[in-house]
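Okay, so here's the structure we're looking at.
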Amino acid sequence: MTSAHPLLDHLNDAQREAVSAPQGNLLVLAGAGSGKTRVLVHRIAWMIEQEHLSPYSILAVTFTNKAAREMRTRLDAILSLSSRGMWVGTFHSIAHRLLRTHWHDAKLIEHFQIIDADDQLRLIKRLLKDHGIDDEKFPPRQVVNFIAGCKEEGLRPPQIDTAGDPYLHQMVELYALYQNACELSGLVDFAELLLRSLELLRDNPALLEHYQERFSHILVDEFQDTNTLQYLWLKLLAGERARLTVVGDDDQSIYGWRGAKVENLERFRDEFESTKVIRLERNYRSTEAILEAANALIRNNTGRMGKELWTDIGQGDKISVYAGFNDLDEARFIVDTLSRTVKEEGLSRSDVAILYRSNAQSRVLEEALIRASVPYRIYGGHRFYERLEIKNALSYLRLMVTRNDDAALERVINVPARGIGSKSVERLRAHARDEGMTLWDAIHDAIAKKTVSGRAANALTDFVNLIDELDNETSGLPLDELIDHVLSKTGLIEFHRAEPGEKGQARVENLEELVSAARAFAQGQTGVRGLDPFEPEGEAAGEATLEQFLADASLDAGEQQADEYEDAVQMMTLHSAKGLEFPLVFIAGVEEGLFPHKMSAEEPGRLEEERRLCYVGITRAMKKLYLTYAEMRRLHGKETYQRPSRFIRELPAGLVDEVRLRGQVSRPMAERSSSGYRAQKPASGLSRQTEAEGAGMTLSLGQRVRHPMFGEGVIVNAEGQGDRARVQVSFEDHGDKWLVLGFAKLEAL
DNA sequence: AACAATGTGGTTTTT
DNA sequence: CCACATTGTT
């Protein structure tokens, strides 16, 4: 087919329609694997090349830095002119940019710093202690969530109606205290970035007018993940004139627990003028079997916007469900199966993903992989910039930029130990609180007024001198040399090197990595900025500043790096798997209580989110999908009986191939009477039966056996010992099955 | 100020 | 069971 424009080549009808839709508000409901990024990128290119829009008037918003980078890269690849001048970034990075540029109007200090969840938690803990508030009644975590929740709804303390509820009243009080502390220290948290920038625009009509005038076209990715604040932010920025293209999938909304509002999709359709809706339902990723299973599963949810994935790739293999005897058996099965498949199908190990609901599940799987010498890579866990040694280093750097950064100061005032113990810090805090000043100022004040002991005063003097000297000595140095100097002069390198075992070594390497990261940042950063009349003069182009580096570190936690070059099996939670695809996928622990997780099982809304999570997992698979579960699992140290997840039952029977039928193998029929699968642990009856069965069985390959349900067959494989011994029997009418000798009623022939 | 003993709780986490 | 945080001990 010949297209009107090369940008429309190799697109299907729906994609083409989305790319070339006339200027106006557009909602693209893009199913998994339907080429949504492609559509987004091509639409932007279309606007520029076909409709002669300036890149300067386009704003593209994503949730992750990775997505932003990918979009920029792909744009530059298809665009004939540079995408410079176009804003592409995450909600947070764009908000940050606005605040940096207009810090004064935003009522911030010029060198404000960003604090992460960890800093936030520490700050809250300190506040609770300082004000003698019971941290049992007000768990710090909950307080942090409450504050973030309020901000995400766009609420400031005075606007919150406590309705006479003393608990709520206290929470709001804490919110106010926390906010005060942040203001004093020049700290801004993630939610604050957004709320502040919204308030900045709302309260400065001229500024708002400027940006509304500029951004005539706004595009948003993963719209189902936006929260109320982000929605309001977009709406404000868009004003009456701008045209929005938003892309999302209500069926892949899995961050509701973090404030994301799927409803924003419908809200957008209803509130933005004459929004056109286009569905991308053709999937280029998975087999029919996988898509039909996913479709069937998600049909159990209510209130969907409606979408059915389809493909012409072909039917493909059925989905295999494996019932592990226990979690170890489940892991063994996964490792055996993936090793065999990689070998037989010629896959790379990185074509294989093992997905799970919670991180705790990775352990058993890891051990099985190690035992089989299969290289693997785990995503998630601690990110680079969140590591202790890195945060220590960054805290020194932050103090160099902003002495008032209490969060940073608290972290490193005695790291490495320099004789400023908890008592001294306690006293300083009290001093700071009484005088309404920051810790940095309190140190000076206390020394001047001699309210600290001589020894403490000396140590404190050394500390403030250290920071000042660092600042002076490094001015004008390239970023990496600057950091290198700070690391050695503060003694951080030595401090971490002295830590016992491998840990110290690893930490030093991470610190060295930080220096390299700074070097890379400096190289990538030079001369990218400029063009914006509202941007500050001077420092714009030229060398990367420490401040820019710190902001980048806060807003982009850094890819998980570790043996990136080795071909390894990919392990991650279902949440982190969103957006990825793999030829071979295992979803482990598909059990009631685990997935859906017990914390989410009662509330219908949360259960539906778990189901969407399962949908996300299933649609990651391109060619073959395995769902596995364990009938017995070690959870929190004790053995628990697990039931297969309801999600397995929701898959059409015709698409499912039970690798080993649950129940047949794991428990004798007699044990299953009383209360279904919650049956008590098989006790005395088990061992007796094992002996009886075991005694009569001669275990040899090729042995003919009879099973009460499957009839006659031949033993083709065996493994294990005692009552855990399992044999693989090739039945005449039922194919191959693994049976546990201790349970299955096999009769030698 | 470092270390052991003891207690507690244990989804998911783009920024 | 195991990772952590807080308490008590030297």
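Basis for what follows: all heavy atoms, side chains included, without hydrogens, waters or symmetry-related copies.
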Checklist entry - Between A:D405 and A:Q113, is any side-chain donor less than 3.5 angstrom from a side-chain acceptor? => result no
Quick one: which protein N/O atoms are closer than 3.5 Å to N/O atoms of nucleotides 5-11 of chain B? Pair and distance per line, please.
residue : atom : partner : partner atom : Å
B:dG10  : N3   : A:H636  : ND1          : 3.4
B:dT11  : O4'  : A:H597  : NE2          : 3.2
B:dT11  : O4   : A:R606  : NH2          : 2.1

Next on the checklist: Students often get this wrong, so: under 4.0 angstrom with heavy atoms, is A:G579 touching a base, only sugar-phosphate, or nothing?
Outcome noted: nothing
Checklist outcome for this item: note: A:R141, atom CZ; C:dA5, atom P; distance rounded to Å ~ 10 Å
Checklist entry - Looking only at atom C1', what distance separates B:dT11 and C:dT6, rounded to whole Å? => result 24 Å
Checklist entry - Nearest to the side chain of A:R634, which nucleotide is it out of B:dT13, B:dT15, C:dC1? => result C:dC1
Checklist entry - A:R429 versus A:K129: any side-chain heavy-atom pair under 4.5 Å? => result no
Next on the checklist: Between A:F63 and A:R418, which residue's closest nucleotide on DNA chain B lies nearer the 5′ terminus?
Outcome noted: A:R418
Checklist entry - Would you say the ring centroid of A:H102 lies under 6.0 angstrom from that of A:Y211? => result yes
Next on the checklist: Over all strands shown, is A:Y255 touching base, sugar-phosphate only, or nothing at heavy-atom distances under 4.0 angstrom?
Outcome noted: base
Checklist entry - OP1 or OP2 of C:dA3 less than 4.0 angstrom from a side-chain nitrogen or oxygen of A:R363, does that happen here? => result yes
Item to check | Sugar-phosphate, base or nothing in reach of A:D116, heavy atoms under 4.0 Å | outcome: nothing
Next on the checklist: If the threshold is 4.0 Å, N to carboxylate O, is there a salt bridge linking A:K261 and A:E153?
Outcome noted: yes
Checklist entry - Hey, is the side chain of A:S93 poking within less than 4.0 Å of OP1 or OP2 on B:dT15, counting only N and O atoms? => result no
Checklist entry - Taking only residues two or more places apart in sequence, or in another chain, which ones meet A:D327 in a salt bridge (charged side-chain N to carboxylate O under 4.0 Å, His left out)? => result none
Item to check | Contacts of A:N301 that satisfy side-chain hydrogen bond (donor to acceptor under 3.5 Å, both in side chains) - sequence neighbours left out | outcome: A:R611
Checklist outcome for this item: Here the distance between atom P of C:dA5 and atom NZ of A:K125, to the nearest Å, is 6 Å
Next on the checklist: Suppose you measure atom P in B:dT12 against the same atom in C:dA5; what distance do you get, rounded to whole Å?
Outcome noted: 15 Å
Next on the checklist: Quick check on the 6.0 Å ring-centre criterion: do A:W103 and A:F112 meet it?
Outcome noted: no
Item to check | Residue pair A:E330 / A:T628, side-chain donor-acceptor N/O under 3.5 Å | outcome: yes
Next on the checklist: Just to be sure I understand: a Watson-Crick pair is purine N1 to pyrimidine N3 plus N6-O4 or O6-N4, both under 3.5 Å. Using that and G-U wobbles, which stems of three or more pairs involve DNA chain C?
Outcome noted: B:1-10 with C:1-10
Item to check | Partner residues of A:R196 under the side-chain hydrogen bond (donor to acceptor under 3.5 Å, both in side chains) criterion, sequence neighbours left out | outcome: A:E183, A:E192
Any N/O pairs under 3.5 Å between the protein and nucleotides 7-10 of chain C? List them or say none.
none

Checklist outcome for this item: In terms of heavy-atom contacts, A:A60 and A:I44 come closest through CB-CD1, 4.2 Å
Checklist outcome for this item: Residue pair A:E609/A:F190 against DNA chain B: nearer the 5' end by closest nucleotide is A:E609
Checklist entry - A:Y255 vs A:W257 aromatic rings, parallel, tilted or perpendicular, using cut-offs 30° and 60°? => result tilted
